[in-house]
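What follows is a set of notes on a single structure, which appears directly below.
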There are 2 protein chains.
Amino acid sequence: MMDRTYKDIQQITLAVDCIIFGFNDNRLEVLLVHRGFEPEKDRWSLMGGFVGNHEDLDDAANRVLKDLSGLEDVYMEQVRTFGKAKRDPYERVVSTTYSALILKDKYNKELIEEFRAKWFPIDELPDLIFDHKEMVESAIRRLQRRVRTFPIVFNLLPDKFTLPQLQKLYEGIFQEEMDKRNFRKKLATMDFLIKLDEKDMSESKKGAFLYRFNEKKYNKTKNFTI
Amino acid sequence: MMDRTYKDIQQITLAVDCIIFGFNDNRLEVLLVHRGFEPEKDRWSLMGGFVGNHEDLDDAANRVLKDLSGLEDVYMEQVRTFGKAKRDPYERVVSTTYSALILKDKYNKELIEEFRAKWFPIDELPDLIFDHKEMVESAIRRLQRRVRTFPIVFNLLPDKFTLPQLQKLYEGIFQEEMDKRNFRKKLATMDFLIKLDEKDMSESKKGAFLYRFNEKKYNKTKNFTI
DNA sequence: TCAAAAGTGTTTGTTCTACACCCATGC
DNA sequence: GCATGGGTGTAGAACAAACACTTTTGA
């Protein structure tokens, strides 16, 4: 800032909106809330809230996520800030988006009821208020980029998971199919997955071996990319 | 946003700060302004300004850039938003950073004088106020990422440039040396550089051929990466 | 016994890396 | 004639892509 003439400066309402990703039924999903009141009644929106005057922006995002989902200690990142003057036609609000990757099992189901929230697969989004569609799209693009170089997908999976599950998750995020053998070969070369002596029998007759992500081994991996 | 109880909501001062990159003397540089007044007198800061209540955030960034440098139609991108409650110890200000790539020749030199601004090579930054150092660093990291997949470096070069110049620019951004033959080979495979019948004789006795970036040919290039 | 998903290697093409000498010119 | 930066090609390694059959077991 060039100047310290704060008194003359207009202040603006600041919000955070959370793009909450989950994985279910082999699809990447986003959590949305249904607006049961005017304005914009019966449309869907992201979960959001306003930023307090003495509150860090990151803290505001975490607070909103906790209030609306019951979740703490979740992998969350700032995505970008939406600042068009008319983005909210009712009043000037600048909103910073954060994306969270959560494990749906851990999610507080009563809160879903309470907020009339619902999970939507990313290729079947309903009509969203304001610029929320653009927000979701930019968060998906960011996720696609981050996922290639950071092992963040494991935030969307339970502690133990199978390789078919992991592959389906990547396919859901990239929205494209991958070759099973090449996929496994790549993971094998960077050995940060621990194979357990245990199978998940729920998806097939043969059963698929369960794996666990090992953070220590990952940290020794150079140049992780999928 | 969940609620429309706007009246209860605290409003916050919003700023934009510009990380202005230039290229000179084979080095990537950032433009900083010297504070000749209290508080924080004699320290350096980014060029910034406040966001008007009816002004798009992007427009605010462009306005600030124009006011402080005289430049318009510049390649500028939002980087991220800094929102710690205490980031500015004097008052609560949330600031969104934008990075601009400019050609130093076009820059209005009188404004440099007027604002006591100065270019600094990115590896020789002075002490900066608040979190401006972190802002510069995050903008550099973003630039490093963007530059690998988009042909934005040409915004930092004159219309006609030589291959040694271009290579030095990439080296300045990545802060690492590159192999001359591999670099040229890669550019040759994606043929969006037009070789001119003209040499730049200022850097060597032999002279280096001048090239021009061709946007149309670039658009036909798939999978651009350096 | 058969349907359904899990698991496994090889070959080929592409891209990346490392590396050294000649050229043109101004001085 | 020599110092300075500009310009060029090749061989080996690493990585990416394409591709088909066997295994297990519940129904």
Side-chain angles (χ1 to χ4, degrees), chain A residues 23-27 144-145 147-149 157-158 160-172 174-212 220-226, chain B residues 23-27 144 147-149 157-158 160-172 174-212 221-226:
Chain A
F23 181 58
N24 193 244
D25 205 16
N26 289 334
R27 299 209 279 185
Q144 289 173 338
R145 272 181 274 121
V147 136
R148 278 184 204 281
T149 37
L157 290 173
K160 301 172 185 180
F161 51 86
T162 68
L163 295 185
Q165 249 184 310
L166 182 61
Q167 183 177 345
K168 292 269 165 46
L169 175 50
Y170 275 110
E171 289 175 340
F174 295 137
Q175 300 273 282
E176 69 180 38
E177 304 211 331
M178 295 168 134
D179 182 278
K180 189 166 45 158
R181 282 176 287 190
N182 293 338
F183 179 78
R184 286 161 179 252
K185 216 184 312 163
K186 196 152 201 179
L187 289 171
T189 63
M190 326 167 281
D191 63 346
F192 51 71
L193 295 186
I194 315 279
K195 187 176 185 173
L196 307 178
D197 271 340
E198 209 180 330
K199 281 188 165 186
D200 167 38
M201 303 304 291
S202 67
E203 296 291 316
S204 71
K205 292 158 186 169
K206 186 177 178 181
F209 277 103
L210 287 163
Y211 287 77
R212 208 193 292 272
K220 289 177 193 147
T221 310
K222 301 186 200 304
N223 305 322
F224 168 81
T225 34
I226 283 289
Chain B
F23 181 57
N24 193 245
D25 205 14
N26 289 335
R27 298 208 277 186
Q144 289 173 338
V147 134
R148 278 184 204 280
T149 37
L157 289 173
K160 300 172 184 180
F161 52 86
T162 67
L163 295 185
Q165 248 184 310
L166 182 62
Q167 185 177 342
K168 292 270 165 44
L169 175 50
Y170 275 110
E171 290 176 338
F174 295 137
Q175 301 273 281
E176 70 180 39
E177 304 211 331
M178 295 168 134
D179 181 278
K180 189 165 48 159
R181 281 176 288 190
N182 292 340
F183 180 78
R184 285 160 180 255
K185 216 185 312 164
K186 196 150 200 180
L187 289 172
T189 62
M190 325 167 282
D191 63 346
F192 51 71
L193 295 186
I194 314 280
K195 186 177 185 172
L196 307 179
D197 272 340
E198 209 180 329
K199 280 187 165 186
D200 167 38
M201 303 304 289
S202 67
E203 296 291 316
S204 71
K205 291 157 188 170
K206 186 177 178 180
F209 278 104
L210 287 163
Y211 288 76
R212 208 193 292 271
T221 310
K222 300 186 201 303
N223 305 323
F224 167 82
T225 34
I226 283 289

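So you know, we letter chains A, B, ... as the sequences are listed, proteins then strands, and number each from 1. A quick note: this is a predicted structure, and the numbers were derived from the prediction, not measured. Both backbone and side-chain heavy atoms feed into the values below; hydrogens, waters and symmetry mates do not.
Legend: residues meeting side chain to side chain contact (heavy atoms under 4.5 Å, CB included) with Thr162(A), ordered by chain and number and at least two apart, are Pro164(A), Gln165(A), Asp200(A), Ala208(A), Leu210(A). Lys180(B) pairs by the side chain to side chain donor-acceptor pair (under 3.5 Å) definition with nothing, not counting sequence neighbours. Partners of Phe174(A) according to the side chain to side chain contact (heavy atoms under 4.5 Å, CB included) rule, which considers only residues two or more places apart in sequence or in another chain, are Gln144(A), Val147(A), Arg148(A), Tyr170(A), Glu176(A), Met178(A), Ile226(A). Residues satisfying the side chain to side chain donor-acceptor pair (under 3.5 Å) criterion with Glu198(B), sequence neighbours excluded, are Lys160(B). With sequence neighbours left out, the side chain to side chain donor-acceptor pair (under 3.5 Å) criterion links Arg145(A) to no other residue. Evaluation of the side chain to side chain donor-acceptor pair (under 3.5 Å) rule for Glu171(A) yields Gln167(A) as partners, not counting sequence neighbours.
In this structure the side chain of Phe23(B) reaches within 4.5 angstrom of the side chain of Leu157(B), judged on heavy atoms.
Spacing between atom NZ of Lys199(A) and atom C1' of dA4(C) amounts to 14 Å, rounded to whole angstrom units. Between the CG atom of Asn26(A) and the P atom of dA5(C) there is a distance of 11 Å, rounded to whole Å. Computed from coordinates, the Lys186(B) NZ to dT14(C) P distance equals 16 Å when rounded to whole Å.
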I'd like a table of donor-acceptor pairs (distance under 3.5 Å, sequence neighbours excluded) in which one partner is a side-chain atom from residues 181-193 of chain B, with atom names and distances.
from	atom 1	to	atom 2	distance (Å)
Asn182(B)	OD1	Lys185(B)	NZ	3.0
Thr189(B)	OG1	Lys186(B)	O	2.7

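For DNA chain D, the outermost nucleotides in 5' to 3' order that have an atom under 4.0 Å from a heavy atom of chain A are dA16(D) to dG26(D).
Across residues 204-212 of chain B, Ser204(B), Lys205(B), Lys206(B), Gly207(B), Ala208(B), Phe209(B) each have a non-hydrogen atom less than 4.0 Å from an atom of DNA chain D (numbered order). Taking every heavy atom of residues 175-185 of chain A and every atom of DNA chain D, pairs under 4.0 Å involve Asp179(A), Arg181(A), Asn182(A), Lys185(A), by number. Near-neighbour residues of DNA chain C inside residues 187-195 of chain A, defined by a heavy atom below 4.0 Å, are absent.
Remark: Lys195(A) is not positioned above the aromatic ring of Tyr211(A), lacking an NZ or CZ atom under 6.0 angstrom from the ring centre and at most 45 degrees off the axis.
When the C1' atoms of four end pairs are superposed on the next four at each end of the helix from dT1(C)-dA27(D) to dC27(C)-dG1(D), using five pairs per end, the two resulting axes differ in direction by 10°, to 10°.
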